[in-house]
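Written below as C-alpha cells is the structure these notes are about.
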Amino acid sequence: MIVTLTGRQTLRDAGHPLDAARAVLGGTLTVGTVRVRVVEVEAYGGDPSGPWPDPASHSYRGRSPRNSVMFGEPGHLYVYRSYGMHFCANVSYGPVGVAGGVLLRAAEVVEGDELVASRRPGIRRPADAARGPGNLGSAMGLTLEHNGFDLLGVDPGMCLTLGNATEYRDGPRVGIAVAADRPWRLWLDGSPAVSAYRRSPRAPAPTTRWDDRVRD
DNA sequence: TTCATGATAAGG
DNA sequence: CTTATCATGAAC
C-alpha cells in the first residue's frame with residue numbers, strides 16, 4: 001500500500017535533521033510573484049532537551065522571541081536578521097515543542113526574474129541572485145514581517161513544495177564556529193546557484209580531510 | 001585572505 | 001556594557 005504524506009507530516013515526522021533537509025532540498029518556494037528552486041540547505045537541530053541537540057542552532061539555548069518559530073508548527077518560515085543586515089530564512093520542522101530548522105542557503109529563480117533583478121542590482125550573473133542565504137532573503141524580499149508564516153497553509157503569497165531530494169552532495173556547514181563539521185549542508189550537484197564554502201575563522205581546523213572522513 | 005558593516009541576543 | 005553571531009561585497 002502506498003502512503004502519501006503531506007508536506008506537513010513529512011516535516012513533522014522527520015526522524016533526523018537530515019531528513020527534513022532532504023525533504024526541502026529540490027523543492028520550490030514561492031513568495032508573491034517570485035518562485036525559486038531550492039538547491040542548497042543546511043540542517044539545524046535544537047536544544048539539549050530535544051532529540052537533536054545542536055550547539056550551532058539558534059534554538060540551542062532554549063526558546064526566545066526570535067527563535068520561537070523553530071519550536072512551533074512544522075512548515076513555517078523562520079526569518080532572522082543576520083549580522084544586522086541580512087534576512088535569512090529557515091523552514092521549521094519537527095513536532096510542536098521540538099525545535100528544528102532547515103536554513104535555505106541558495107536557490108535558482110524560476111519565476112519573477114524581473115522583480116528579482118530589481119531587488120538584486122549589480123549581480124554578475126542570474127545564478128547569483130539567490131546564491132547564499134542573505135542573498136536569497138533579498139531576492140525573495142523577505143523581512144521580519146514574514147517570520148512565522150505558514151508555508152504549507154493559507155498564508156497569502158507564501159508556498160513551499162517539498163523536493164524530497166534523493167541525489168545530492170553533502171559537506172560541513174558554513175560560517176559557524178561550533179559543530180561545523182557535521183555533514184548537515186546539502187546541495188544539488190551542478191547548480192550554479194550553490195554558494196561557495198566558507199569556513200568560519202573561529203572554527204577549529206579539521207583534523208582530517210573532508211573527503212577522507214567516515215560518515216554515518 | 002582580511003575587513004567594515006551593524007541588529008540583536010546573551011553574558012558579565 | 002561587551003562580545004559573538006546560521007553573511008556579504010569590496011578592498012587588499
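These numbers were taken from a predicted model, which means no experiment stands behind them.
With B/dT8, C/dA7, C/dG9 as the candidates, the nucleotide lying closest to the side chain of A/Arg120 is C/dG9. Nearest nucleotide to the A/Val174 side chain, out of C/dT5, C/dC6, C/dA7: C/dA7. Nearest to the side chain of A/Arg198, among C/dC6, C/dT8, B/dG11, sits C/dT8. When distances are taken from the side chain of A/Cys88 to each of C/dA7, C/dT5, B/dA10, the shortest belongs to C/dA7. Taking only side-chain atoms of A/Ala177, from C-beta outward, the nucleotide of C/dG9, C/dT5, C/dC6 with the closest atom is C/dT5. Across C/dT8, B/dA7, B/dG11, the shortest atom-to-atom separation from the side chain of A/Arg81 is found for B/dA7. Taking every side-chain heavy atom of A/Met85 into account, B/dG6 is the closest of B/dT2, B/dG11, B/dG6.
Here C/dC6 presents its C1' atom at 15 Å from CG of A/Leu186, a figure rounded to the nearest Å. Following rounding to the nearest Å, A/Tyr78 (OH) and B/dA9 (C1') show an atom-to-atom distance of 10 Å. Computed from coordinates, the A/Tyr44 OH to C/dC6 P distance equals 7 Å when rounded to whole Å. Taking atom NE2 of A/His58 as the reference point, atom C1' of B/dA7 lies 12 Å away to the nearest angstrom. C/dA4 atom C1' lies 14 Å from atom CD1 of A/Ile176, rounded to whole Å. Between the CG atom of A/Asp128 and the C1' atom of C/dT8 there is a distance of 12 Å, given to the nearest Å. One interatomic measurement links the two molecules: CZ of A/Arg202 to C1' of C/dA7, which rounds to 11 Å at whole-angstrom precision. Remark: P of C/dA7 and CZ of A/Arg131 are 14 Å apart, rounded to the nearest angstrom.
Using a 4.0 Å heavy-atom distance criterion, A/Ser200 is classed as making no nucleic acid contact.
Between the side-chain ring of A/Tyr83 and the base of B/dT5, no stacking contact exists by the 5.5 Å and 30° definition.
A salt bridge between A/Arg37 and A/Glu108 is present, with a side-chain N of the basic residue lying under 4.0 Å from a carboxylate O of the acidic one. A/Asp13 has no carboxylate O lying under 4.0 Å from a charged side-chain N of A/Arg8, or vice versa, which leaves the two without a salt bridge. Between A/Asp54 and A/Arg182 a salt bridge is recorded (basic side-chain N to carboxylate O distance below 4.0 Å).
Between A/Asn135 and the phosphate of C/dG9, there is a side-chain N or O to OP1/OP2 separation shorter than 4.0 Å. For A/His86 and C/dT8, the shortest distance from a side-chain N or O to OP1 or OP2 is not below 4.0 Å. Phosphate contact (OP1/OP2 of C/dC6, side-chain N/O of A/Arg105, threshold under 4.0 Å): absent.
The two residues A/Pro183 and A/Asp170 have their closest heavy-atom pair at O-CB, 4.1 Å.
Cation-pi check for A/Arg185 over A/Tyr197 is not met; the charged atom does not lie both under 6.0 angstrom from the ring centroid and within 45 degrees of its normal.
Figure legend. C/dA7 is base-paired to B/dT5; pairs are counted as Watson-Crick or G-U wobble with both atom distances under 3.5 Å.
Ring orientation note: the planes of A/Tyr93 and A/Trp52 are tilted relative to one another, at an angle of 30° to 60°.
Separation of the C1' atoms belonging to B/dT8 and C/dG9 is 22 Å when rounded to the nearest angstrom.
Residue A/Gly84 is the one, among A/Gly84 and A/Gly132, whose nearest nucleotide of DNA chain C lies closer to the 5' end (criterion: closest heavy atom).
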